[in-house]
Number of protein chains: 2
Amino acid sequence: MYIGCKIACGYTPAMAVTIVEIAKRAGVSHSTVSRVLNNTSDVIAKDTRERVLTIAKAMGYVPNLAARSLRHARTRMITVFAAGPDDFWLGANPTIITAAANAFRDAGYELFCSFGGSAESTRMPAWRFDAAVLLDRVPDDLRHQLRAQNTPYVVINDIVDEDALIVPDDAQGTEVMLEELYSLGHREISFVSPGSWYVGHHSIVARQAAFTAFMQSHDLPHSLSLEDRIVSEDMDGWLRGQLDLGVTAFVANDHHTAIVLMSAAARLGVRIPGDFSLMCFNDEFPLALLEPPVTCVSLDSELLGRTAARYLLSLLSDKEQALAHVTRIPYRLVSRNSTAAH
Amino acid sequence: MYIGCKIACGYTPAMAVTIVEIAKRAGVSHSTVSRVLNNTSDVIAKDTRERVLTIAKAMGYVPNLAARSLRHARTRMITVFAAGPDDFWLGANPTIITAAANAFRDAGYELFCSFGGSAESTRMPAWRFDAAVLLDRVPDDLRHQLRAQNTPYVVINDIVDEDALIVPDDAQGTEVMLEELYSLGHREISFVSPGSWYVGHHSIVARQAAFTAFMQSHDLPHSLSLEDRIVSEDMDGWLRGQLDLGVTAFVANDHHTAIVLMSAAARLGVRIPGDFSLMCFNDEFPLALLEPPVTCVSLDSELLGRTAARYLLSLLSDKEQALAHVTRIPYRLVSRNSTAAH
DNA sequence: CTGTTAGCGCGTTCAC
DNA sequence: GTGAACGCGCTAACAG
């Protein structure tokens, strides 16, 4: 397994250049260097200033953030917590995180993922952080802890009291879908939702409420109760039953559910969109690659991430008051081939 | 959009407890506290020791890593770099990162993702770090830079010279697949690989080499050259052509390709596994949920992540010599329903 | 066994 | 305009 090729000697900490070394080379004191590099004084001799800057650049100076943040009580680091270690890569979360990270980085902050052990997701990372992003349903005590130590945070994709929340506009997304299906002539529509862990999730609740509201306002048949529209274990049997009841279109709660439904249809020999239409939330892989490609509503996850970052940055820079509020990010229709006129 | 509910006053940096405060409460000097908390002295009065520990726990003490790492020249942070910002969530990478993060955390290190801007993925994060994990094909100059400043690192899923590498055993994985298909009676087998960015990737190269070697050693027909087995733009036409040529089984280079192939089959009205068998690399979502569920070879990504972490930790702790070597992680067969006897 | 002290790299006074 | 001195929280060396 080993190819005996020596590549480096034992690990010794890398010694980076400090302002003292720059000061020596420039023939000034280290505080002058600090003043120049931080632009913290407008009364500096022009040549001194330029000399220091060129030397710093030539030596490849990078400020030691450990020292800097020891001086300030800030670390310029922002951490993102998720409900579990796997939730970082769930659905739209990667896009959200990346967008937020870019916004933070532009403002001089570094976003990092804190991978708590599965059991103790509440555990604080060893590095201090100036603010936190909370993804999905993080434990309550984490929020309490953050608030107790006065660390600003923003909650993404969860509804809790008295916090700043940024969530998808699930009611709007549901309406977009239902209006599309309605305009295609569908009248018997089912909302497919997995029965398991999702129950009680604010998204599910909001979507189901919007679903019911739409059906009522459009005077659509209520032969099926909402409970009947939630899939149990046996997807094949459930689908068969729904079709027998005259359902012509399904709104799936997520891409996962949509795929399971499509597989059931394939097993039953039922055609999409010939025999029924299908739409779902979240434009995730591999919806576009399936046969047929799946129509869905897509969230602007980048906007969501940016919005969250901007809010936190405003708190950090302007020393603004934190207000409990809800920002809802709208969905957008992505038309593909899993829907057709009835 | 805003609900006017005040939740907190302006941001003020959180003041955490320090060893000085613990020392005051315990009636000892701060260095004694340090000695106790770091287990750095075995000649400490038992009651002093216990008193300090209970007080530290009660006050919720967390060491300030900024100060600690200023004192040492270590930060106890490890960075993971990826080729691009999206590569963190590609395929098995999340699992790898999580596994490595856990191993690092157990050893007192914090792993964090550095989300470089897409253009400048080489850019170093603002924080110093003790070691780095390089995912996939990171730019050469990053590796050179790390080596120049004597920072230990490990390369995952890329083949480069003179470095410590941890990669999937693609030759073994290919053989596992081909042996399975061969034992099912298949003789005309194609290797389906996307023609685009993948070209030149070490995995592709290794898999194609292993494929050719297997075909030769089993004296299988070579009516098709390797080039013929790489799909171009038009998957439908290509698949039709392959089937006409008598191909009865396909080995797809990844789950993405497998899904595209399945969609083509659906469009052509060709049955899996009735008309041909299908296998692919990487057991990723949603292979298990499709109809039929797809047989594949799965990598123990957790083992891969752990292995990488262990190697880096040995370098960091034992001041061991870094040796250029390759560790190959084997694939395992996951039998599902997309394969059948011919 | 424990307290005192110095200094890691930096930013910030306060003098000159 | 600029240098000297201090302290952020911590560890390590040296005294007692």
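Note on naming: letters A, B, ... go to the chains in the order of the sequence lines (proteins, then strands), and numbering restarts at 1 for each one. Every value quoted in this text rests on a predicted model; they were computed, and no experiment measured them. Computed from heavy atoms alone, side chains included, the values below leave out hydrogens, waters and symmetry copies.
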Peer 1: Checking salt bridge (Lys or Arg N to Asp or Glu O under 4.0 Å) between B:Glu110 and each of B:Arg105, B:Arg76, B:Arg74, which is the one that passes?
Peer 2: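 Exactly one option meets the salt bridge (Lys or Arg N to Asp or Glu O under 4.0 Å) with B:Glu110, and it is B:Arg105.
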
Peer 1: Restricting to pairs with a member in residues 84-93 of chain B, which pass side-chain hydrogen bond (donor to acceptor under 3.5 Å, both in side chains), not counting sequence neighbours?
Peer 2: B:Asn93-B:Asp136

Peer 1: Only pairs at least two apart or in different chains count here, so list each side-chain hydrogen bond (donor to acceptor under 3.5 Å, both in side chains) that has a residue in residues 20-38 of chain B.
Peer 2: B:Ser29-B:Ser31, B:Ser29-B:Thr32, B:Ser34-B:Asn38, B:Asn38-B:Arg68

Peer 1: Specify the separation, in whole Å, of atom CZ of A:Arg35 and atom C1' of D:dG1.
Peer 2: 8 Å

Peer 1: Round to a whole Å and report the spacing from CG of A:Leu37 to P of C:dG9.
Peer 2: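 Roughly 16 Å, once rounded to whole Å.
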
Peer 1: Taking B:Arg51 for its side chain and B:Ala26 for its backbone only, find out whether a donor-acceptor pair lies under 3.5 Å.
Peer 2: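 Pair found, side chain donor or acceptor close to backbone of B:Ala26.
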
Peer 1: Return the CG to CD1 distance between B:Leu304 and B:Ile97, rounded to the nearest 0.5 Å.
Peer 2: 11.5 Å

Peer 1: Using a 4.0 Å heavy-atom cut-off across all strands, classify A:Ser41 as base, sugar-phosphate, or nothing.
Peer 2: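 The residue A:Ser41 makes no contact with any strand.
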
Peer 1: I'd like to know if the side chain of B:His325 pairs up with that of B:Asp163 as donor and acceptor (distance under 3.5 Å, no hydrogens or angles considered).
Peer 2: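 Per modelled atom types, B:His325 and B:Asp163 side chains form no pair under 3.5 Å.
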
Peer 1: Measure from CD1 on B:Ile19 to P on D:dA12 and round the result to the nearest Å.
Peer 2: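 The distance from CD1 of B:Ile19 to P of D:dA12 comes to 11 Å, rounded to the nearest Å.
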
Peer 1: Whole Å only: how far is the CZ atom of B:Arg76 from the P atom of C:dC8?
Peer 2: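 Atom-to-atom, B:Arg76 to C:dC8, this comes out as 21 Å.
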
Peer 1: For C:dC10 and A:Tyr61 - does any side-chain N or O of the residue sit under 4.0 Å from the phosphate oxygens OP1/OP2?
Peer 2: yes

Peer 1: side-chain contact (heavy atoms from CB on, under 4.5 Å) with A:Asp140: which residues, sequence neighbours excluded?
Peer 2: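 side-chain contact (heavy atoms from CB on, under 4.5 Å) list for A:Asp140, sorted by chain: A:Arg143, A:His144.
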
Peer 1: In residues 64-72 of chain B, which ones come under 4.0 Å of DNA chain D, going by heavy atoms?
Peer 2: B:Asn64, B:Ala67, B:Arg68, B:Arg71, B:His72

Peer 1: From the set D:dT2, D:dC10, C:dG11, return the single nucleotide nearest to any side-chain atom of A:Ala45.
Peer 2: D:dT2

Peer 1: For A:Arg128 and D:dG9, what is the distance between atoms CZ and P respectively, to the nearest whole Å?
Peer 2: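 The distance from CZ of A:Arg128 to P of D:dG9 comes to 9 Å, rounded to the nearest Å.
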
Peer 1: Please report the interatomic distance OH(A:Tyr153) to OH(A:Tyr311), rounded to the nearest 0.5 Å.
Peer 2: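 These two atoms lie 9.0 Å from each other.
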
Peer 1: Among residues 24-34 of chain B, which residues get a heavy atom nearer than 4.0 Å to DNA chain D?
Peer 2: B:His30, B:Ser31, B:Ser34

Peer 1: Can you pull out how bent the helix from C:dC1-D:dG16 to C:dC16-D:dG1 is, comparing the axes over its first five and last five pairs, to 10°?
Peer 2: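 Answer for the end axes of this duplex: 50°.
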
Peer 1: Are A:His201 and A:Asp158 close enough that a side-chain donor and a side-chain acceptor fall under 3.5 Å?
Peer 2: no

Peer 1: Do side-chain atoms of A:Thr79 reach the backbone of A:Ala132 as a donor and acceptor pair under 3.5 angstrom?
Peer 2: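 No; judged by distance alone, with no hydrogens or angles, the pair does not exist.
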
Peer 1: If you measure from CZ on B:Phe129 to CD1 on B:Ile78, what distance do you get to the nearest 0.5 Å?
Peer 2: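 One finds 10.5 Å between CZ of B:Phe129 and CD1 of B:Ile78.
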
Peer 1: Rounded to whole Å, please give me the gap between CZ in B:Arg74 and C1' in D:dG9.
Peer 2: 16 Å

